[in-house]
2 protein chains.
Amino acid sequence: MRIGELATKTGVSVRALRYYEEQGLLSAARSSGGQRHYLDDAVDRVYLIQMLYAAGLSSRTILDLLPCVDAKVNTPQSRAMLRAERDRIDRQITQLRQARKRLDEVIALSESPASGCTRTDTNAVRQRTTVW
Amino acid sequence: MRIGELATKTGVSVRALRYYEEQGLLSAARSSGGQRHYLDDAVDRVYLIQMLYAAGLSSRTILDLLPCVDAKVNTPQSRAMLRAERDRIDRQITQLRQARKRLDEVIALSESPASGCTRTDTNAVRQRTTVW
DNA sequence: CTTGTCCCTCACATGAACGTCAGGTTTTAC
DNA sequence: GTAAAACCTGACGTTCATGTGAGGGACAAG
């Protein structure tokens with residue numbers, strides 16, 4: 001599989017895939033002409049990388065974690081790192097939950113009949129069209 | 001309260017506070033000499049801003065949300081935006097949970113006795129000191 | 001053998017939320 | 001009234017994961 005196909009399959013840009021390789025996160029064989037060729041499992045690897053990026057990990061951290069995921073490294077240090085990242089994600093979830101709660105409160109207030117939403121609606125929409 | 005005190009109280013840098021003002025998120029009165037003066041409730045406002053930043057919202061989005069939080073704007077559009085952001089946070093939490101689950105699996109594997117962790121430990125630590 | 005499509009390597013650009021330094025003013029404390 | 005501390009406005013620097021050409025090979029189809 002060449003880079004364009006991998007990009008299509010994963011929904012990740014070609015540029016991003018090259019960047020992953022540059023960061024040491026994704027390896028590829030090269031054809032005689034220098035073009036990258038990937039195995040089928042590269043798709044899953046890309047998904048994993050994306051998942052970890054989405055979890056707020058940096059390239060560097062992912063680079064450190066991947067050997068553990070591949071079960072190639074298993075030391076007290078690596079296990080501590082895994083737990084540290086997991087705890088970071090935990091804290092991030094807690095923060096997100098707080099923010100969601102805050103938004104829910106605002107939503108509840110804005111949707112309660114007492115906030116006079118209907119009257120506010122029609123007026124505000126007419127008067128502030130450009131804002132929204 | 002001047003900017004330095006607000007920075008100390010909130011743990012946010014002076015530069016960040018000026019940035020918030022530049023983005024329209026935080027307002028301040030000015031002394032005759034041009035220095036910013038904040039009311040006590042600015043502390044809570046800064047905490048709120050930080051919370052929303054932590055939830056992954058951009059300055060622009062926060063700028064749009066704040067009037068709703070302050071209950072100054074309440075239109076169908078604004079309520080839709082609130083719900084949209086809430087749902088975005090929801091999806092982000094889901095993603096984070098997936099990533100955490102994945103890490104937990106790796107952790108479980110690396111800590112299971114079957115992975116031969118003790119032998120791997122001592123060897124790996126001695127052989128790969130520079131890596132870690 | 002050519003054409004079109006895909007791919008290559010630089011290498012500079014981008015956006016967000018600040019950090020940091022310069023050069024100058026204001027406020028506070030003695 | 002003077003010096004230190006805090007503050008002001010630019011304005012350029014930083015980090016990260018890409019976007020975006022430029023200029024030039026690689027490869028399948030006809």
Side-chain angles (χ1 to χ4, degrees), chain A residues 1-39 42-43 45-66 85 88-89 92 95-96 99, chain B residues 1-39 42-43 45-66 85 88-89 92 95-96 99:
Chain A
M1 180 176 16
R2 289 192 297 172
I3 199 168
E5 192 180 343
L6 182 59
T8 307
K9 280 187 181 174
T10 58
V12 168
S13 74
V14 168
R15 176 67 174 92
L17 294 177
R18 294 202 189 103
Y19 177 73
Y20 298 165
E21 179 174 322
E22 191 184 319
Q23 300 299 305
L25 308 180
L26 184 64
S27 60
R30 296 297 184 119
S31 72
S32 54
Q35 303 202 348
R36 292 171 180 82
H37 284 268
Y38 299 91
L39 300 175
V43 175
R45 165 67 39 133
V46 171
Y47 284 146
L48 174 61
I49 293 171
Q50 288 282 84
M51 166 179 279
L52 296 177
Y53 273 135
L57 308 206
S58 67
S59 292
R60 176 67 219 202
T61 308
I62 297 176
L63 182 60
D64 291 342
L65 287 182
L66 284 181
E85 284 309 317
R88 216 188 43 68
I89 293 176
Q92 207 175 327
Q95 284 196 336
L96 283 173
Chain B
M1 175 173 26
R2 288 193 297 169
I3 199 168
E5 192 180 343
L6 182 59
T8 306
K9 280 187 181 173
T10 59
V12 168
S13 74
V14 168
R15 176 67 174 92
L17 294 177
R18 294 202 188 102
Y19 177 74
Y20 298 165
E21 180 174 322
E22 192 184 318
Q23 300 299 304
L25 308 179
L26 184 65
S27 61
R30 296 296 185 120
S31 73
S32 54
Q35 302 203 349
R36 293 170 179 82
H37 285 267
Y38 299 92
L39 299 175
V43 174
R45 164 67 41 134
V46 170
Y47 284 146
L48 173 61
I49 293 171
Q50 288 280 94
M51 166 180 279
L52 296 177
Y53 274 134
L57 308 207
S58 67
S59 293
R60 176 67 220 204
T61 307
I62 297 176
L63 182 61
D64 291 342
L65 286 182
L66 284 181
E85 283 309 317
R88 215 189 42 70
I89 293 176
Q92 206 174 329
Q95 284 196 335
L96 283 173

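Note that the coordinates shown come from a computational prediction; the quantities given were computed from them, not determined experimentally. Below, read A as the first sequence line, B as the second, and so on, with proteins coming before strands; counting in each chain starts at 1.
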OP1 or OP2 of [N] under 4.0 Å from side-chain N/O of [X]:
X	N	value
B:Ser31	C:dT27	yes
B:Ser32	C:dT26	no
A:Ser13	D:dG19	yes
B:Ser59	C:dA17	yes
A:Arg15	C:dT14	no

Do the side chains of [Y] and [X] get nearer than 4.5 Å, heavy atoms only?
X	Y	answer
B:Leu26	B:Arg45	yes
A:Gln23	A:Ile62	no
A:Leu48	A:Leu66	yes
B:Tyr20	B:Val12	yes
B:Arg30	B:Arg36	yes

[X] side chain, from C-beta outward: closest of [options]:
X	options	value
B:Tyr53	D:dT18, C:dA17, C:dC8	C:dA17
B:Arg36	D:dG19, C:dC7, D:dC8	D:dC8
A:Arg30	C:dC18, D:dC27, C:dT9	C:dT9

Over how many whole Å does the gap from [X] atom [atom1] to [N] atom [atom2] extend?
X	N	atom1	atom2	answer
A:Glu22	C:dT9	CD	C1'	11 Å
B:Ile62	C:dG15	CD1	C1'	15 Å
B:Tyr38	D:dC8	OH	C1'	12 Å
B:Leu6	D:dA6	CG	C1'	14 Å
A:Glu5	D:dC27	CD	P	16 Å
B:Tyr19	D:dT9	OH	P	16 Å
B:Ile3	C:dT25	CD1	P	20 Å
B:Gln35	D:dA6	CD	C1'	7 Å

Can you find an N or O donor on one side and an acceptor on the other, under 3.5 Å apart, linking the side chain of B:Arg18 with the base of D:dT9?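 A donor-acceptor contact between them is absent.
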Please determine whether a side-chain nitrogen of the Lys or Arg among B:Arg18 and B:Glu22 lies less than 4.0 Å from a carboxylate oxygen of the Asp or Glu. no
SB check A:Arg88 A:Glu85 (cutoff 4.0 Å):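 Salt bridge present between A:Arg88 and A:Glu85.
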5' priority, DNA chain C, between A:Gly34 and B:Leu17 [closest heavy atom]: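 Checking each residue's closest nucleotide, the 5'-ward one belongs to A:Gly34.
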5′-ward residue of the pair A:Tyr20/A:His37 relative to DNA chain D: A:Tyr20
Taking atom types as modelled, is there a side-chain donor on A:Ser59 or A:Tyr53 under 3.5 Å from an acceptor on the other? yes
Every protein N/O within reach of nucleotides 21-24 of chain D N/O, cut-off under 3.5 Å:
none

